Novice: 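Here it is, the structure, as structure tokens.
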Amino acid sequence: MAKNIVIIGSTGSIGKSTLDVFDKVLKDYTLLGISANENVEELKKQIKKYSPKYAAIMDKTKEKELKDATHGTKILSGYQGLAQLASLKEADIVLISVVGAVGLIPLMAAIKAGKRIALANKESLIIAGDVVKAAVEKYGAEIIPVDSEHSAIFQCLHGNKKEQVKRLIITASGGAFKNHTLAQLKKVTVTQALNHPTWKMGKKITVDSGTLMNKGLEVIEAHYLFDMPYEKISVVIHPQSIVHSMVEYVDGAVIAQLSNPDMRLAILYALTYPDRRTGVIPPLDLVKTRTLEFCEVDLEKYKAFALAIKAGKEGGSMPACMNAANEIAVKNFIEGKIPFIKIAEYVEKVMKKHVKIKTPTLEDILKIDLKVRHITQELING
Ligand code: MG
């Protein structure tokens with residue numbers, strides 16, 4: 001069935017992959033709206049190519065430039081613009097693929113409008129999982145995961161009884177440094193950290209994959225998306241990134257979802273669910289793959305992973321604190337200001353200082369997010 005789609009974050013890695021899926025197999029869909037953070041050049045190109053009815057730019061200072069360069073497309077801007085775009089009456093599916101805590105604003109707007117949401121932004125669920133869950137229920141919205149692991153679990157749960165799930169098994173590639181020792185990790189460069197062995201992704205998530213913070217965030221994400229206690233979520237390292245995650249049932253059956261590592265499959269499924277379409281990713285050749293390996297996560301080496309799980313289990317405002325500290329630490333690492341190994345150290349320091357709020361409101365969370373960013377940056381500046 002043809003649908004109107006909105007992409008919040010169309011110039012990023014997931015956004016571009018979504019447009020590729022759109023070009024290849026969703027010709028019957030309409031691209032209703034797109035948005036960018038600040039990449040006005042790319043957004044202009046996309047507007048020219050797709051002539052969407054709406055486009056939004058987060059950076060308000062670039063609104064005029066965008067307006068002058070386009071016609072026929074209504075231009076929105078700032079947080080408010082993103083929220084407007086996410087709640088358009090004509091929209092059937094809103095894909096949210098912006099990176100970081102900022103995703104919470106369009107997410108809440110889409111939820112309040114009762115939309116089907118294809119969610120690629122994990123940070124919003126991490127920092128405000130309880131608030132998001134309550135709102136989804138209240139407004140009758142629907143979240144379809146786009147993160148490859150959660151898309152896999154979503155598919156493995158399909159047609160089965162949730163109360164008969166024994167545990168979710170999330171796979172992790174191990175990132176760029178899976179063969180590094182703790183000593184070698186101390187010398188990691190930015191270029192090395194941005195070079196992921198199996199997945200092509202944005203900068204922040206690629207660094208998070210290296211520290212395995214990304215996997216910790218995904219455990220929290222799974223906890224909220226599938227309403228699963230932390231005791232029932234485990235993680236295994238799987239370097240080939242072919243098995244995207246699994247669900248174990250009470251009878252001992254383990255159902256896995258496999259494919260070539262390509263984000264476009266999870267994007268496609270989220271946009272066509274419960275239907276499937278052909279023609280986006282190449283078929284999986286298991287004979288060529290030959291080996292599928294699995295091993296345990298080294299908690300000493302991947303300190304950031306352990307910290308994320310700790311924050312998730314503590315709950316309240318702790319995940320929001322952990323996430324904000326990590327976003328700032330990663331940003332400083334990418335800018336060459338702190339070594340790779342220090343990312344987790346800063347996150348830990350900031351978490352130790354945080355006075356947890358047990359049941360934070362959305363306003364509390366946004367305040368904590370800002371405050372922790374500031375505190376983390378000050379700590380890094382020394
Ligand atoms: Mg993932």
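Just so it is clear, the values below take in all heavy atoms, side chains as well, and ignore hydrogens, waters and symmetry mates. Just so we're clear, the structure is a prediction, and the values are computed from it rather than from any experiment.
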Novice: Check the orientation of F340 and F333. Use parallel for under 30°, tilted for 30 to 60°, and perpendicular for over 60°.
Specialist: perpendicular
Novice: Is there a side-chain contact between T70 and K48 in this structure, where contact means two heavy atoms from C-beta onward sitting under 4.5 Å apart?
Specialist: no
Novice: Would a 4.5 Å heavy-atom cut-off, applied to side chains only, mark E314 and H354 as touching?
Specialist: no
Novice: Looking at side-chain heavy atoms only, is the closest gap between E63 and I75 below 4.5 Å?
Specialist: yes
Novice: If we only count heavy atoms from C-beta on, is the M108 to V131 side-chain gap below 4.5 Å?
Specialist: yes
Novice: Go through the side-chain N and O atoms of D20 and S17 and say whether any donor and acceptor fall under 3.5 Å apart.
Specialist: no
Novice: Quick one: pull up CD in E218 and CD1 in I233 and give me the separation to the nearest 0.5 Å.
Specialist: 11.5 Å
Novice: Parallel, tilted or perpendicular: which fits the ring planes of H223 and Y230, with parallel below 30° and perpendicular above 60°?
Specialist: parallel
Novice: Tell me if a side-chain donor or acceptor on T198 pairs with a main-chain N or O of Q240 at a distance below 3.5 Å.
Specialist: no
Novice: To the nearest 0.5 Å, how far apart are CG in L307 and CG in L299?
Specialist: 10.5 Å
Novice: Taking I169 as the fixed residue, which of S245, S234, C156 is the one that meets the side chain to side chain contact (heavy atoms under 4.5 Å, CB included) rule?
Specialist: S234
Novice: For residues L26 and R277, report the shortest heavy-atom separation together with the two atoms involved.
Specialist: CD2-NH1, 3.5 Å
Novice: Could you check whether any side-chain N or O of N121 sits under 3.5 Å from a backbone N or O of V98, counting only pairs where one atom can act as donor and the other as acceptor?
Specialist: yes
Novice: Is the Y29 to F22 ring centre distance short of 6.0 Å?
Specialist: no
Novice: Checking D364 against T361: is there a side-chain donor and acceptor pair closer than 3.5 Å?
Specialist: yes
Novice: Answer whether the closest heavy-atom distance between the side chains of K203 and V207 falls below 4.5 Å.
Specialist: no
Novice: Drop me the distance from T171's OG1 to H244's NE2, to the nearest 0.5 angstrom.
Specialist: 7.5 Å
Novice: Could you check E335 against K337 for salt bridge (Lys or Arg N to Asp or Glu O under 4.0 Å), going step by step and ending with a plain yes or no?
Specialist: CA-CA 6 Å; E335 289 167 357; K337 291 175 187 155; 2.8 Å; yes
Novice: Treating K331 as the side-chain partner and N326 as the backbone partner, does any N or O pair qualify as donor plus acceptor under 3.5 Å?
Specialist: no
Novice: So L95 and I8, do their side chains get closer than 4.5 Å, heavy atoms only?
Specialist: no
Novice: To the nearest 0.5 Å, what is the distance between CD1 (I338) and CG (N332)?
Specialist: 5.5 Å
Novice: Has S173 got a side-chain atom pairing as donor or acceptor with G175's backbone, closer than 3.5 angstrom?
Specialist: yes
Novice: Pairing donors with acceptors under 3.5 angstrom, does anything connect the side chains of K122 and N214?
Specialist: yes
Novice: Measure from the side-chain N and O atoms of K24 to the backbone N and O of I281, and report whether any donor-acceptor pair falls under 3.5 Å.
Specialist: no
Novice: Does the side chain of Y269 come within less than 4.5 Å of R276's, by heavy atoms?
Specialist: yes
Novice: Does a side-chain heavy-atom distance below 4.5 Å link D130 with Y224?
Specialist: yes
